**Student:** 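Below are the structure tokens for one structure; questions will follow.
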Amino acid sequence: MIVIAAVAMFDSRASALPDPTGTFPGGLGPGFYPFWSAAMVAGAALFVILRYQVLAGDTQGVFAKREAWVAPLKIALPMIVAVAALEWLGFYIVTALYMGFFARFIGGYRWYWVLAIAVLFPLVIYLAFERGFRVSLPKSVFYEQGFPF
Amino acid sequence: MEILTGFTDTLSNLGGGFATALMPFNLMLLAIGCFLGLVIGVLPGLGGTSGVAILLPITVFIASGGEGGATSAVIFLCGIYWGALFGGVITSILFNIPGEPWSVVLLFDGFPLAKRLGKPAVALASSFFASLIGAFIATVLFTFFARALADVALAFGPAELFAVFIMSFATLVGLGSESPAKSVMMIGFGLLLAAVGFDTITGAPRLTFGQLEILSGIDFVPVTIGLFGIGEILASAEEQGIGFVERMNAKVGLKDIFETLRELRKRIWTVVATAVLGFWFGVLPGHGATAGSFLGYGLARQYSKNKANFGKGEITGIMAPQAAADASAVGSLVPMVALGVPGSPTSAVIMAGLFVWGLQPGPLLFIDHPDFIWGLTASIYLGHLMTFVMCLLAVPLLAKIMRIPYAIITPFIVIISIIGSYSLNNSMFDVFITIGFGLVGYWLRKMKYPLAPLVVAIVLGDSTERELRKALIGSGGNPGVFFASPLAAILMILALVLLFLPLVRMLRERRSARTDTLNPS
């Protein structure tokens with residue numbers, strides 16, 4: 001948090017102070033608001049650190065246990081891979097693969113159920129969003145070849 | 001005597017309005033509008049504003065070919081708005097993903113009540129009842145005071161509005177159950193995120209680091225979807241394990257409805273007060289339901305006896321913001337029809353419709369087209385009642401969603417989150433923001449940082465800066481403007497008191513601890 005605040009303060013330092021010369025309307029330049037917001041973050045973060053130096057925090061060691069990060073990682077990794085693949089595979093193929101992956105490897109469903117889930121969910125989303133509400137979702141590289149997804 | 005004549009005139013006009021709104025064609029349009037709004041509200045990424053905008057072209061045919069003309073068209077569009085107001089809460093409460101910007105605040109207590117305390121039906125019914133009451137109160141105020149209030153609202157300047165926003169932030173610091181320093185840090189972080197992009201006054205890019213995608217700023221919807229929707233999935237994977245399936249009672253009977261009504265009776269004055277304040281906030285041009293809902297939540301928390309329960313499934317934390325949001329939405333129509341100044345983005349789209357149908361919004365609308373005004377007013381009463389009944393009938397079905405197996409519901413929430421963030425601006429960058437903030441949300445949760453101040457600051461950050469700078473521009477850069485009017489001064493002083501409250505509390509605790517050490521008996 002301190003690093004984020006420091007970067008923001010550095011970036012907006014040019015017009016951080018009230019300007020009485022009349023260059024900016026109302027005496028505040030574009031950097032005033034982000035600079036002091038960042039200063040607020042930095043000040044509060046320093047206070048939290050100092051307080052933790054004096055009093056032992058109740059959040060110390062929360063990531064020490066293996067379960068604290070293994071289970072979330074098992075969920076986060078496929079999600080990150082799916083989002084990264086969106087630009088090439090498009091929304092509908094990614095939905096089919098992602099839903100199918102969960103059904104098979106987390107839910108332990110039989111293959112015919114996996115197939116049904118992988119087909120039905122993207123189809124319903126396609127009908128509701130693309131056809132019903134005219135909301136266009138990311139398409140795959142196959143879209144150019146005439147495929148609807 | 002004059003007041004009595006005015007009152008009876010209003011009632012007689014309203015009677016005429018009901019006659020118009022109850023015409024079978026208008027009633028059918030209202031029902032279709034409410035249902036479509038409900039569906040739009042449930043789907044993340046499709047807001048009430050975009051729903052109204054998408055269906056605006058249809059209203060041209062309704063206004064020109066229908067028997068009710070422009071009145072039928074506005075009844076249809078407003079039906080979508082009311083439906084979306086109710087529908088937005090469903091995904092917030094059941095999935096922890098905001099269906100609409102104004103239902104973001106329901107993530108704080110709605111989801112914990114549904115999931116952690118196992119009362120999805122009570123959580124949903126609480127929000128529906130609060131919506132109905134909030135809208136009813138606001139519509140009564142709209143009926144009798146629309147024109148008078150529009151004039152007063154114009155006198156509410158930037159300094160007063162800035163003071164209102166500062167008070168909202170101060171409430172989160174001064175009365176929050178979490179560490180005040182952590183709350184301040186989260187508020188600062190939220191304000192910082194809200195400042196990213198073009199500066200609206202000078203046009204200079206801020207904190208963009210040369211990236212074109214963030215020139216238009218970071219929208220709060222992808223951030224909140226990530227913080228709450230994705231963050232919750234990661235947190236529950238750790239706390240309850242992968243594959244965990246809810247075993248809560250999803251049946252809703254009269255018992256649940258009666259329980260909600262009992263809870264509502266205990267909080268009725270809070271709901272009424274937040275509805276009146278929400279309505280007033282909606283009347284102020286440029287804000288609308290989202291800011292109103294956050295204000296309602298902050299005020300309810302400030303005056304609640306159960307402050308410690310907020311964020312853990314407190315029913316007041318659902319009822320108060322929901323009543324305020326609906327009342328704000330109704331209030332936002334006041335400046336639109338009375339002055340031609342839209343009170344919210346959705347009312348701006350509805351106002352565009354007025355121009356398309358050949359009507360000129362403003363004071364003359366009340367004189368030249370009374371049938372339109374009173375038909376609209378009556379349809380607000382009917383539309384909310386209709387949506388309420390639709391929602392209540394659907395509660396048992398909606399609550400069963402919580403029993404869908406983990407292996408289906410978890411990826412489905414991720415997929416819906418992606419749709420919600422992408423469809424906002426057709427931007428992959430927003431999807432990355434959602435996933436990034438999902439990870440950040442998980443970390444913040446683990447480190448016991450409060451998420452509410454962060455979200456409130458992102459939502460209100462832009463408006464706060466805008467009002468601050470408008471006030472200073474108006475006063476030639478003199479900061480004394482924030483204490484110049486009695487109202488602004490009172491609000492600012494109250495905000496300062498609330499900000500320093502934790503410090504006073506800490507000093508008092510320290511003194512009592514020292515006294516205990518000196519007198520151990």
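In what follows, every chain begins at residue 1, and chains take the letters A, B, ... in the order their sequences are listed. Not measured: the values here are computed from a predicted model.
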**Student:** Looking only at heavy atoms, which two atoms of A/Pro72 and B/Tyr442 are closest? And how far apart?
**Tutor:** CG-OH, 3.2 Å
**Student:** Atom CZ of residue position B/Phe35 - does it have more than 12 heavy atoms of other residues, nucleotides or ligands inside 6.0 Å?
**Tutor:** no
**Student:** Enumerate by number any residue of residues 1-10 of chain A whose heavy atoms lie under 4.5 Å from heavy atoms of chain B; in the absence of such residues, state 'none'.
**Tutor:** A/Met1, A/Ile4, A/Val7, A/Ala8
**Student:** Between B/Gly188, B/Ala195, B/Ala457, B/Pro411, which has the largest tally of heavy atom pairs under 4.5 Å with chain A?
**Tutor:** B/Pro411
**Student:** Sort B/Leu192 into side chain, backbone, both or neither according to what part of it lies under 4.5 angstrom from a heavy atom of chain A.
**Tutor:** both
**Student:** Within residues 107-120 of chain A, which positions have a heavy-atom distance to chain B below 4.5 Å?
**Tutor:** A/Gly107, A/Tyr109, A/Ile117
**Student:** Which residues pass the side chain to side chain donor-acceptor pair (under 3.5 Å) test with B/Lys470, not counting sequence neighbours?
**Tutor:** none
**Student:** Which atoms of B/Ile435 are under 4.5 Å from chain A, going by heavy atoms: the side chain, the backbone, both sets, or neither?
**Tutor:** side chain
**Student:** Sort A/Phe105 into side chain, backbone, both or neither according to what part of it lies under 4.5 angstrom from a heavy atom of chain B.
**Tutor:** neither
**Student:** Could you pull out all donor-acceptor pairs under 3.5 Å where a side-chain atom in residues 29-45 of chain A meets a protein atom, sequence neighbours excluded?
**Tutor:**
{"residue": "A/Tyr33", "atom": "OH", "partner": "B/Gly461", "partner atom": "O", "Å": "2.9"}
{"residue": "A/Trp36", "atom": "NE1", "partner": "A/Ala16", "partner atom": "O", "Å": "2.9"}
{"residue": "A/Ser37", "atom": "OG", "partner": "A/Tyr33", "partner atom": "O", "Å": "2.7"}

**Student:** Chain A heavy atoms under 4.5 Å from B/Tyr422: which part of the residue, side chain, backbone, both or neither?
**Tutor:** side chain
**Student:** Can B/Ile418 and A/Val94 be said to form a side-chain contact (heavy atoms from CB on, under 4.5 Å), step by step?
**Tutor:** CA-CA 11 Å; B/Ile418 292 172; A/Val94 164; 5.8 Å; no
**Student:** Hey, which of B/Val184, B/Asp199, B/Leu207 has the most heavy atom pairs under 4.5 Å with chain A?
**Tutor:** B/Leu207
**Student:** So, taking the atom named CD1 in A/Ile106 and the one named CD1 in B/Ile408, what distance separates them when rounded to the nearest 0.5 Å?
**Tutor:** 12.5 Å
**Student:** Heavy atoms only, distances under 4.5 angstrom: which of A/Ala76, A/Pro138, A/Pro78 has the most pairs with chain B? Name it, please.
**Tutor:** A/Pro138
**Student:** For a 4.5 angstrom cut-off between non-hydrogen side-chain atoms, does B/Tyr449 reach A/Val48?
**Tutor:** yes
**Student:** B/Thr410 versus chain A, heavy atoms under 4.5 Å apart: side chain, backbone, both or neither?
**Tutor:** side chain
**Student:** Would you mind checking which part of A/Ile125 comes under 4.5 Å of any heavy atom in chain B, side chain (CB onward), backbone (N, CA, C, O), both or neither?
**Tutor:** side chain
**Student:** Is it the backbone or the side chain of B/Phe198 that comes under 4.5 Å from a heavy atom of chain A, or both, or neither?
**Tutor:** neither
**Student:** Distance check, rounded to the nearest 0.5 Å: A/Met79 atom CE versus B/Ile415 atom CD1?
**Tutor:** 11.0 Å
**Student:** Let me know if B/Leu439 has heavy atoms under 4.5 Å from chain A in its side chain, its backbone, both or neither.
**Tutor:** side chain
